[in-house]
Amino acid sequence: MRYDQGIKMDEEGWFSVTPEKIAVRHAVRCGGGVVIDGFTGVGGNAIQFATMCHPVIAIDIDPRKVALAFENAKIYGVEDHIDFIVGDFFQLAPYLKGDVVFLSPPWGGPAYLTQETFTLDLLKPKNGYSLFQVAQSIAPNVIMYLPRNVDLLQVEELSWLSSPPLKVEIEENMLHGRLKSITAYFGDIAFSELSMFEL
Ligand code: ADP
């Protein structure tokens, strides 16, 4: 992150932001075409998608977050490649079409780690199943960024929501041998069933 160049964060942003290396990884893995970032926050992922030349539609319900994301995109020089929308992802969904939907939905703050297993019903503002179904109506490929203690069986079950079932790949994001978070890839962008990304 280019914090030293004035990257803008609010207090929540510090917790919610995806480490830049993981965001770069998401962009490398996302295939081609239009990426829709449903919960863009301060823009960490959207910026990396745009940097890799993917046109991005970046959505957040909070106008302050979108303003910060726009300022951050300017620092990276990619603001012209991102369409920023202030709105509710679920309300906008019927009007969106793209190639990849990227979802880094609210995990409910740092409390997610107090659960032994993070079940998909804990995702906000709607459970993971509803969220996934909405994403699928927008694009053939979906990427979900999830807590490290997420119930992996439930994540795999998401792929059964479509017929035939989507391919799914669980990628473990590791730092110094410790699991930090999970990225699930659905659709033709999924390769092996399980993979590891060393940060
Ligand atoms: P975390 O649990 O990761 O802290 P946040 O509550 O910060 O999650 O939410 C992540 C981002 O998603 C925030 O920028 C928030 O404004 C945004 N957000 C929450 N609900 C919606 C929604 N329905 N549509 C679009 N963006 C949303």
Side-chain angles (χ1 to χ4, degrees), residues 1 3 7-23 25-27 34-50 56-76 79 82-98 100-139 142-151 154-155 171 173 175 179-184 199:
M1 269 284 165
Y3 300 121
I7 280 288
K8 301 228 171 17
M9 288 277 168
D10 55 9
E11 222 164 86
E12 212 181 319
W14 279 110
F15 166 73
S16 300
V17 76
T18 315
E20 186 171 49
K21 276 191 179 172
I22 300 180
R25 175 72 175 167
H26 292 153
V34 175
V35 182
I36 294 164
D37 182 356
F39 302 83
T40 206
V42 296
N45 283 280
I47 288 167
Q48 296 306 330
F49 289 127
V56 183
I57 299 172
I59 297 163
D60 203 286
I61 203 163
D62 180 346
R64 290 165 307 171
K65 289 278 170 50
V66 173
L68 290 169
F70 182 68
E71 291 303 318
N72 291 335
K74 279 206 271 190
I75 292 170
Y76 284 76
E79 73 278 13
I82 306 175
D83 285 329
F84 291 95
I85 304 179
V86 177
D88 179 336
F89 173 68
F90 293 96
Q91 286 188 5
L92 291 167
Y95 308 101
L96 300 169
K97 277 279 173 266
V100 180
V101 174
F102 175 78
L103 301 169
S104 179
W107 298 353
Y112 73 92
L113 280 177
T114 60
Q115 315 277 336
E116 197 180 324
T117 306
F118 184 96
T119 47
L120 290 180
D121 56 283
L122 295 172
L123 286 178
K124 301 279 178 303
K126 290 195 185 176
N127 71 70
Y129 299 95
S130 310
L131 179 63
F132 189 82
Q133 268 178 325
V134 167
Q136 259 198 320
S137 67
I138 298 173
V142 178
I143 304 175
M144 283 176 103
Y145 186 64
L146 294 164
R148 63 178 184 246
N149 55 340
V150 71
D151 186 330
Q154 288 189 338
V155 176
E171 187 156 79
N173 300 306
L175 181 65
L179 182 61
K180 286 313 221 183
S181 56
I182 297 281
T183 307
L199 273 146

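Just so you know, these numbers come straight off a predicted model, no measurement behind them. As the structure lists them, so they are numbered: ligands from 1, and atoms in each ligand from 1.
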Taking only non-hydrogen atoms of Asp88 and a 4.0 Å limit, the atoms of ligand 1 in range are 22 (C), 23 (N), 24 (N)
Lys180 side chain to Pro147 main-chain N or O, any donor-acceptor pair under 3.5 Å? no
Looking only at non-hydrogen atoms, which of Thr40, Asp60, Leu68 approaches atom 14 (O) of ligand 1 most closely? Asp60
Side chain, backbone, both or neither: which applies to Pro106 and ligand 1 if a contact is any heavy-atom pair less than 4.0 Å apart? both
Taking 4.0 angstrom as the limit and counting only heavy atoms of Gly108, give me the atoms of ligand 1 inside it, by number and element. 2 (O)
Examine distances only and state if a side-chain atom of Asn149 and a backbone atom of Gln115 form a donor-acceptor pair shorter than 3.5 Å. yes
Pair Asp62-Phe39, side-chain contact (heavy atoms from CB on, under 4.5 Å): steps then yes or no: CA-CA 10 Å; Asp62 180 346; Phe39 302 83; over 6 Å; no
Any pair counted as side chain to side chain donor-acceptor pair (under 3.5 Å), so long as it reaches residues 39-49, sequence neighbours left out: Thr18-Asn45, Glu20-Gln48, His26-Asn45, Asp37-Thr40
With heavy atoms of Gly87 as the reference, note each atom of ligand 1 found under 4.0 Å away. 24 (N), 25 (C)
List every atom of ligand 1 that sits less than 4.0 Å from any heavy atom of Pro125, numbering the atoms from 1 in the order shown and giving each element. 23 (N)
How close do Ala50 and Val56 get, counting heavy atoms only, and between which atoms? N-CG2, 3.7 Å
For the side chain of Lys124 and the backbone of Leu122, is there at least one donor-acceptor N/O pair under 3.5 Å apart? yes
Taking 4.0 angstrom as the limit and counting only heavy atoms of Gly109, give me the atoms of ligand 1 inside it, by number and element. 2 (O)
With a cut-off of 4.0 Å, which atoms of ligand 1 are near a heavy atom of Gly38? 25 (C), 26 (N)
Short list, please: which atoms of ligand 1 are under 4.0 Å from a heavy atom of Asp62? 16 (O)
Heavy-atom proximity to atom 24 (N) of ligand 1, picking from Phe90, Tyr145, Phe89, Tyr112, points to Phe89
At less than 4.0 angstrom from any non-hydrogen atom of Gly41, what atoms of ligand 1 do you find? 14 (O)
Under 3.5 Å: N/O of Trp107 near N/O of ligand 1: yes
What are the two closest non-hydrogen atoms of Thr183 and Ile22, and how far apart are they? OG1-CG2, 4.4 Å
What are the two closest non-hydrogen atoms of Gly41 and Ala69, and how far apart are they? O-CB, 3.6 Å
